[in-house]
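Working notes, structure below.
Side-chain atoms are counted along with the backbone in the values below, which use heavy atoms only and exclude waters and symmetry mates. When a ligand or atom number is given, it counts from 1 through the structure's own listing order.
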Amino acid sequence: MIIEPRTRGFICLTAHPTGCEQNVVDQIAYVKSKGTINGAKKVLVIGSSTGFGLASRISSAFGSDAATIGVFFDKPSTVGRTGSAGYYNTAAFEKHAHEAGLYAKSINGDAFSNEIKRKTLDMIKEDLGQIDLVIYSLASPVRTHPVSGTRYKSVLKPIGSVFSNKTVDFHTGNVTEISINPAEGDDIANTVAVMGGEDWKMWMDALKSENLLSEGANTVAYSYIGPSLTEAVYRKGTIGAAKDDLEATAFTISDDLKAIGGKAYVSVNKALVTQASSAIPVIPLYISLLYKIMKEKGIHEGCIEQIQRLYSERLFNGKEMLLDENGRIRIDDWEMRDDVQTEVAKLWKIASTENLSDIGDLEGYSNDFFNLFGFKVNGVDYDADVNEMVEIPSEN
Ligand code: NAD
């Protein structure tokens, strides 16, 4: 069939298998071009199918010849209906990993559930014995608690007072003023339940209790801070409360891992267009200004550049880990540079529908958004007939 993008707000309902494969191929080529990383050899990535998790899986496999198990939650294709991008990405990743002689298996299901944890632990036991590195890269709007059965929904709201600021509809370039009401009731607790650290710790406890972590095994979860411009809706909002909880959990997990000489890290990553970040109001406008400035300065990075740098210059560079005053790895260092933030803040003040395509990188934002779903990818013939039915090799 011929597959075209069908968008609804910040969601795209279709995905292109050839475009998704090309994205994976491009990321593999980037990692290979940077040379070998002396990294972990047996890696579990939780949230492995898109964004930072996919980049982590690719960096481990093609930078360090690692065996990888990926856990993700995506929609397979059915006749006449495309699968989700993460499904096609995973199929492409496995195909290329297997061609390169690398072990790669994937588990599609709810990582928050006991069932998927059990399945993963059994796979590790049977195939790899132990894991050296666990990447925790989930971004989800909901979580069903595995013990209580309660279904929590996260919200993206400020805390304390109404937040009003500019935002952009990145499809039309329309810059408008939005007001977001503050969190109420259980909003904060619910968001922490979904995106905080409890599930990360549950994974690490389960792995440790069944002796599935090797001596010196580490784990890394991803966080975000961002500038004062987005603070009210991000870092000091409900999602920020969840990130505070995630970051605090790293210390608890590190204590638990002491016995095996391992450690839990949080890496603060750069703001990037992913399915998760397009859903957050105000962030798309910030990102389109940020992209413009960072591209002009020659310091723009996507997920794969970020994670390749995290691996080669922080996690596996053989030196003492560079951490901030709160014990976090900072690969948002270029985003947060004073010169970058001063210029973004200046542009923010004047950004409008009329000037955004000049002063911001709206086109870059929009392209990245479509790329997430395999559209507008260089080198792909979108007029060619494509088979929507793709299978993930390890699932058969
Ligand atoms: P993403 O939406 O691209 O990826 C999320 C992944 O989680 C996908 O593989 C998806 O399948 C998986 N997932 C979601 N719910 C699941 C479930 N119930 N069970 C199993 N898998 C599930 O998101 P992303 O932007 O790469 O975010 C990953 C992490 O990085 C998040 O913690 C996010 O806060 C953080 N981060 C993002 C940015 C950014 O700008 N995008 C910046 C810094 C940090």
Side-chain angles (χ1 to χ4, degrees), residues 10-12 15 20 23 44-58 69-76 83-90 93 106-117 119-120 135-146 151-152 154 156 191 194-197 199-200 202-203 220-226 230 234-235 239-240 242-247 249-250 266-280 282-284 286-287 290-291 301-304 306-307 310 328-332 335-336 365 368-369 371-373 392:
F10 50 79
I11 292 170
C12 186
C20 288
N23 279 336
L44 169 64
V45 182
I46 303 160
S48 62
S49 63
T50 54
F52 285 111
L54 174 65
S56 306
R57 193 175 191 187
I58 292 174
I69 292 178
V71 181
F72 64 102
F73 206 8
D74 275 279
K75 190 166 61 77
S84 55
Y87 194 84
Y88 289 143
N89 289 341
T90 303
F93 170 82
S106 311
I107 294 174
N108 188 8
D110 182 5
F112 297 129
S113 70
N114 287 333
E115 182 205 339
I116 290 299
K117 287 188 176 75
K119 217 171 155 182
T120 312
I135 298 288
Y136 189 81
S137 187
L138 288 187
S140 173
V142 289
R143 172 178 174 224
T144 301
H145 196 280
R151 188 171 158 87
Y152 296 103
S154 70
L156 297 160
T191 308
V194 180
M195 287 296 285
D199 181 64
W200 184 22
M202 282 179 165
W203 270 101
V220 185
Y222 297 140
S223 190
Y224 183 64
I225 297 178
T230 60
Y234 197 94
R235 194 62 207 212
I239 182 71
K243 289 302 186 192
D244 287 346
D245 184 76
L246 181 86
E247 291 177 14
T249 305
V266 164
S267 172
V268 182
N269 300 351
K270 172 190 189 239
L272 279 172
V273 181
T274 65
Q275 294 183 40
S277 69
S278 341
I280 310 177
V282 183
I283 300 280
Y286 168 70
I287 291 183
L290 180 75
Y291 271 27
E301 296 173 297
C303 287
I304 198 66
Q306 278 266 289
I307 300 301
L310 167 68
R328 302 170 295 205
I329 300 171
R330 301 295 299 265
I331 49 162
D332 65 339
E335 169 185 356
M336 299 309 286
Y365 191 104
D368 276 12
F369 175 79
N371 284 177
L372 295 176
F373 307 94
I392 294 178

Ligand 1 atoms in contact with A276 (distance to a heavy atom under 4.0 Å): 2 (O), 23 (O), 25 (O)
Considering distance alone, does some N or O of G53 sit under 3.5 Å from an N or O of ligand 1? no
Pairs of nitrogen or oxygen atoms closer than 3.5 Å, one from V71 and one from ligand 1: do any exist? no
With a cut-off of 4.0 Å, which atoms of ligand 1 are near a heavy atom of S140? 15 (N)
Report the part of S48 in contact with ligand 1, treating N, CA, C, O as backbone and CB onward as side chain, heavy atoms under 4.0 Å; options are side chain, backbone, both, neither. backbone
Looking only at protein heavy atoms, which one is nearest to atom 31 (C) of ligand 1, and what is the separation? L138 O, 3.5 Å
Nearest-option assignment for atom 25 (O) of ligand 1, heavy atoms, candidates L272, I116, I307, T274: T274
Mark up the atoms of ligand 1 that fall under 4.0 Å of a heavy atom belonging to S137, in ascending order. 5 (C), 6 (C), 7 (O), 28 (C), 29 (C)
Evaluate the side-chain proximity of D199 to Y136: yes if any heavy-atom separation is below 4.5 Å, no if none is. yes
With heavy atoms of G109 as the reference, note each atom of ligand 1 found under 4.0 Å away. 19 (N), 20 (C)
Minimum heavy-atom separation for A139 and A276, please, with both atom names. CB-CB, 3.7 Å
Taking only heavy atoms of A271 into account, list the atoms of ligand 1 that are under 4.0 Å away from them. 40 (O)
Under 4.0 Å to a heavy atom of S277 - the qualifying atoms of ligand 1, by number: 40 (O), 41 (N)
Strictly distance-based, threshold 3.5 Å: is any side-chain N or O of Y88 a donor or acceptor partner for the main-chain N or O of G83? yes
For atom 38 (C) of ligand 1, which protein heavy atom lies nearest, and how many Å away is it? F52 CE1, 3.4 Å
Taking atom 14 (C) of ligand 1 as the reference point, the nearest protein heavy atom with its distance: A139 O, 3.3 Å
Report yes if the side chains of T90 and R57 come closer than 4.5 Å at any heavy-atom pair, otherwise no. yes
Determine whether S223 and M195 make a side-chain contact, defined as any pair of heavy atoms from C-beta on separated by less than 4.5 Å. no
Name the closest protein heavy atom to atom 32 (O) of ligand 1, giving the residue it belongs to and the distance to 0.1 Å. K243 NZ, 2.9 Å
Check for a donor-acceptor pair, side chain of K270 on one end and backbone N or O of Q306 on the other, with a separation under 3.5 Å. no
Enumerate donor-acceptor pairs with a distance under 3.5 Å from any side-chain N or O in residues 107-115 to protein atoms, sequence neighbours excluded.
from: N108; atom 1: OD1; to: D74; atom 2: N; distance (Å): 2.8
from: N108; atom 1: ND2; to: D74; atom 2: O; distance (Å): 2.8
from: D110; atom 1: OD1; to: F112; atom 2: N; distance (Å): 2.9
from: S113; atom 1: OG; to: D110; atom 2: O; distance (Å): 2.7
from: S113; atom 1: OG; to: I116; atom 2: N; distance (Å): 3.2

Considering distance alone, does some N or O of A111 sit under 3.5 Å from an N or O of ligand 1? yes
Using a strict 4.0 Å cut-off to heavy atoms of F112, name the atoms of ligand 1 that fall inside it. 18 (N)
G86: heavy atom below 4.0 Å from ligand 1, yes or no? no
For atom 35 (C) of ligand 1, the closest protein heavy atom turns out to be Y222 CB, 3.9 Å
Is T191 reaching over with its side chain to a backbone N or O of I239, donor-acceptor style, under 3.5 angstrom? no
Using heavy-atom distances, let me know which of N108, I239, D110, T90 sits nearest atom 18 (N) of ligand 1. D110
Side-chain donor/acceptor of Q275 to backbone N/O of L372, under 3.5 Å: no
Relative to each other, are the rings of Y291 and Y365 parallel, tilted or perpendicular (30° and 60° limits)? tilted
Protein contact of atom 12 (C) of ligand 1 - nearest heavy atom, named by residue and atom, plus distance: G47 CA, 3.8 Å
Check ligand 1 against G51 and write out every atom of the ligand that is under 4.0 Å from a heavy-atom position of the residue. 3 (O), 26 (O)
Any N/O pair D74/ligand 1 closer than 3.5 Å: yes
Who's the nearest protein heavy-atom neighbour of atom 43 (C) of ligand 1, and how far? S223 O, 3.2 Å
Donor-acceptor contact present, side-chain K243 to main-chain Y222, <3.5 Å: yes
Nearest-option assignment for atom 3 (O) of ligand 1, heavy atoms, candidates I283, I46, T50: T50
Can you check whether Y224 has an N/O within less than 3.5 Å of an N/O in ligand 1? no
Does A221 come within less than 4.0 angstrom of ligand 1, counting non-hydrogen atoms of the residue? no
Non-hydrogen side-chain atoms of L272 and F52 separated by less than 4.5 Å: yes
For S277 and Y224, which I'm curious about, is there any donor-acceptor pair between the side chains at under 3.5 Å? no
E247/R328 ion pair, N-O < 4.0 Å: yes
Residue pair T50 / T274, side-chain heavy-atom distance below 4.5 Å: no
Of all protein heavy atoms, the one nearest atom 10 (C) of ligand 1 is S49 OG, 3.8 Å
Check contact between R143 and ligand 1, using heavy atoms of the residue and a distance below 4.0 angstrom. no
Among all residues two or more places apart in sequence or in another chain, which pass the ring-ring contact (aromatic ring centres under 6.0 Å, His included) test with Y87? none
